[in-house]
> 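Below is one structure. I have some questions about it.
Chain letters run A, B, ... following the sequence lines, proteins first and then strands; every chain starts at 1.
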Amino acid sequence: MGDTPQSPPLRFGDDPYVWACWLYYQDRLTQSQIAEAMGVSRATVNAYLSEARDRGIVNISLEPARLASLTVADEIRRHFGLESCLVVPSEETHPLIDRLGRAGALALQSLLKSGDTLGVVWGRTIMAVAEHLKSPPLQDMTVVQATGSTQATFAYTPDLCTTAFAEALSAKSIKISAPAIVGSPELARAMMGEPLIADELAALAKVNRIIFGISSLRPNSTIHASGFFEQVSLQHYLARGAAGVLAGRFIDQNGAPVDGPLHARTIGIPLDVLTGIKTRIAVAGGFDKVPALLAMLRGGYANILITDAATGRGILNAEGVAPARPQAKTPARTPVIVRTQIKKFLNRPDDAVDEMLEGAINANRRYLKPVAGSNRALVARHGPRPGKVGLVIGGGSGHEPCFLGYVGRGLADAVAIGNIFSSPPPDPIAACAQAASGDAGVLFAYGNYSGDVMNFEMAAEQVEERGIKVRTVLTTDDIASSPIEDRDGRRGVAGNVLIFKVAGAACDLGLPLEACEAVTRKANARTYTIGVGLEPCSLPQIRRPTFELGPDDMEVGIGIHGEPGVARESLKAADAIVDTAIDAIFKEMDARPNERVAVLVNSFGATPMMELYILYRRVEQRLSARGIVVEANWIGPYCTSLDMVGASITIMHLDNELSRLLSRPCDTAAFKVL
Amino acid sequence: MTTSVVEHLIAMFGKISTAIDDAVDELSELDGAIGDADHGITMVLGFHAVTAALQSARSDLSSASAVMNAAATAFLNAVGASTGPLYATGLRRAAQSLDGVEKLDQSAATAMLTAIPAGIRERGKAQRGDKTMLDAWLPASEAAALALANGADRKTFWKQVVAAAEHGAEATRSMVAAKGRAARVGGRSLGHMDPGAASTVIIIKAMAEALSGDDA
């Protein structure tokens, strides 16, 4: 056989596959040229290349965001039998409405033909389409307003939308000179019988293409601001299962029209006329709209959909269709051994919390003791004293040493402990407040979770009835959990520890309740945390992972309750992970050169110190590159999530006051400042 | 007879507890998809505490309201979390609505099925469509009111209530969570039934089983 390969150049070792791939993909030779260079037949080269793909030596990849939007679009088109579906990649750089508008305009430009009559249903997204529409060289175009009008003054009324499309297309425009909703069915009938209005409505019969959005019935929907629907009628429709509003008409989750008081009072295109139009283009996006979009798609109202990748994926998930995973073919992997039960040191799983508390209380008896015989409420031995504000912290168990490790002189005065990842009920919290009170008021500080808020609030009511003044600071340091506009909605994670420390020092200094509260709020406002999970945790009673995480995946923006994070990304190198976190923190933290910070690199339970130091190394590199001084650091398991593999990075932006309070001596089981 | 109402409600909580026991894994799995996987455990814990408290206080429980209040306190103290205050407030509202009730007929059941979600809504400030237990409770209470108005017999009444709860829970799949921890996962909650709504269906089914007999 003449097929014995020449020996490959040194840099390829003895691997003809890599050599062939290099020549083909890198040097761009043809297969015949490669055959000549390697001294093998063309068929062999072809086999090398194909085998190289199968073995994963070569990965052909499209940019993942674009690939994902293609697969999602294809799956939606197939599943709902659409003519076409355009999905814009999900990216954060431009507002969604803007991106949808751009895509909608592109789609419309390619669909419209001279002589078309385009129906326009008003909406914010539809207005965005008009704004991006470039006049195509078309003639004899007509634009028809598909619903009645409104007197309201927002920027995307039916009238303004119609005008915008007509101008962009140099089209004749036909408006409806009647309100979208009138006072009574009789009035509606009478108005539609008026010759002028009847002519305008008759123009709707000539519409051969229509563009519309869809409104959800969620509280943030623009229909509430539109003034079209009174709250009372909306409740009527909600109770009848309305999932969305299309051209002023309510539809249920399967797209069937929902009857109600507004139906006969609405002037505009009826749904059965709409579905008779040849090209029906829907443009909409956003998670809130998923139920409404599903209703619209199931009802067959659109045959062309323009949305974004995240919403598209949401639609498919909600419909129970998994979009094909956007990944190039990867070589077969040795199967991961699936562990059915995670090993743990337990007696009876149901006793885990009580036995842990027994051990922890005994081990730390020099710092704390139970209040009134309950191990779920613990008070510091050398904490509460007359005239001092009492600091009460608390939360679920499973975060050890949080929260009981932070009870003692100079830090928290009492801690209420709940079940695993569950807020304590009001009674132990109230007992803590009573025990911590030195008649100068009590400060509650805890993470912002709905359960904790409800229980602590109920406890505060009880305690205040007994004449103890209570102030509350919710910690909200997790910057991944909500955007900056919703800072109050963020949850509290490991940054808790530093915020509690500041609060404890303020109380210990003898500051009045209002001052303690104020400085704790400041500490919270200047504390920023991001967590990354590499493996899920498992609960003692279940001993299976709380969620699934692929071998190459990590969860970014993970909390401390074993719940999935905000986004799933491909695992990266430690420095790259730190960079992602620090970049996000720098976006919010306005720290100038020579300003000081405190850093907490926290393990979620199973990540060892070795890796925490690797993370810390990069954190300090990034801070010092900006001239920021690390005044204090804590590295270790400070706020865990059972046995989760992962870590969080917290930065507190110090000022003189915070710095003084953070460095004030304290002595607790898990946090000491000498 | 007052004792009969008390006995029926105690039996109802017993049935709820058993039904939740049977569903613990399923509930925890649902929760794992969008929350912290402990919903099943929490509910088991809460209803075990309720049945234990009702058994031990049996001789002191002289009215329907007393049973519901005892259940509320036991549930709250065992559970905490968010489920504790929510169900405790709902059950306390139910206690008020059952004041003086001697027979758990369709009218009393409607009062109870209306009071529970009213309490839950008051405490948690959630709305319909937020992907919470209310998305099963509210349709159930509306179905109850409708069935009562239509003069449905006991069996039909409960059948319609259960169907409405099931339908409501099913509809949470296409909702995005707006309350509680699941709200943090954003669009990733799509496609998953809300675990709180799923356990509501189990509770309502057990109620139906306990109360659709003619002697309740």
> What residue among Asn317(A), Leu316(A), Leu294(A) forms side-chain contact (heavy atoms from CB on, under 4.5 Å) with Leu190(B)?
Asn317(A)

> Under 3.5 Å, is there a donor-acceptor pair between the side chain of Asp452(A) and the main chain of Ala81(B)?
no

> Where on Ala567(A) is there a heavy atom nearer than 4.5 Å to chain B: the side chain, the backbone, both, or neither?
backbone

> How long is the gap from OG on Ser174(B) to CD1 on Ile315(A), to the nearest 0.5 Å?
11.0 Å

> Roughly how far apart are Phe421(A) CZ and Thr42(B) OG1, rounded to 0.5 Å?
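One gets 11.5 Å once the value is rounded to the nearest 0.5 Å.
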
> Taking every non-hydrogen pair under 4.5 Å, which of Asp31(B), Val24(B), Asp25(B), Asp130(B) racks up the most with chain A?
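So the answer, after comparing Asp31(B), Val24(B), Asp25(B), Asp130(B), is Asp130(B).
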
> Would you sort out whether Arg544(A) and Glu29(B) count as a side-chain contact (heavy atoms from CB on, under 4.5 Å), showing the intermediate values?
CA-CA 10 Å; Arg544(A) 283 194 308 274; Glu29(B) 230 153 85; 3.8 Å; yes

> I need the His39(B) NE2 to Ser422(A) OG distance, nearest 0.5 Å.
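Rounded to the nearest 0.5 Å, the NE2-OG separation comes out at 11.0 Å.
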
> Heavy-atom cut-off 4.5 Å, strictly under: side chain, backbone, both or neither for Ile420(A) against chain B?
backbone

> Identify which of Asn77(B), Thr89(B), Leu45(B) forms the greatest number of heavy-atom pairs closer than 4.5 Å to chain A.
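Greatest number of close heavy-atom pairs with chain A: Asn77(B).
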
> Sort Pro424(A) into side chain, backbone, both or neither according to what part of it lies under 4.5 angstrom from a heavy atom of chain B.
backbone

> Checking heavy atoms, do the side chain of Asn419(A), its backbone, both or neither come under 4.5 Å from chain B?
side chain

> Output the distance between atom CG (Asp288(A)) and atom CE (Met175(B)), rounded to the nearest 0.5 Å.
12.0 Å

> Determine whether His167(B) and Gln253(A) satisfy the following criterion, side-chain contact (heavy atoms from CB on, under 4.5 Å), listing intermediate values before the conclusion.
CA-CA 11 Å; His167(B) 190 257; Gln253(A) 57 170 348; 3.2 Å; yes

> I need the minimum non-hydrogen distance between Arg128(B) and Leu238(A), along with the two atoms involved.
NH1-O, 4.1 Å

> Is chain A contacted by the side chain of Ala78(B), its backbone, both, or neither, given a heavy-atom distance below 4.5 Å?
backbone

> May I have the step-by-step check of side-chain contact (heavy atoms from CB on, under 4.5 Å) for Leu76(B) and Met458(A), ending in yes or no?
CA-CA 11 Å; Leu76(B) 177 59; Met458(A) 287 169 91; 4.0 Å; yes

> Can you confirm whether Glu122(B) is buried at CD, in the sense that more than 12 heavy atoms of other residues, nucleotides or ligands lie under 6.0 Å from that atom?
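Enclosed: over 12 neighbouring heavy atoms sit under 6.0 Å from CD of Glu122(B).
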
> With a sphere of 6.0 Å drawn around CG of Asp488(A), does it hold more than 12 non-hydrogen atoms of other residues, nucleotides or ligands?
no

> To the closest 0.5 Å, what do you measure between NE2 (His48(B)) and CG (Asp350(A))?
9.0 Å

> Output the option from Ala310(A), Pro426(A), Gly559(A) having the highest count of non-hydrogen pairs under 4.5 Å with chain B.
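Among the listed options, the one with the most contacts to chain B is Pro426(A).
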
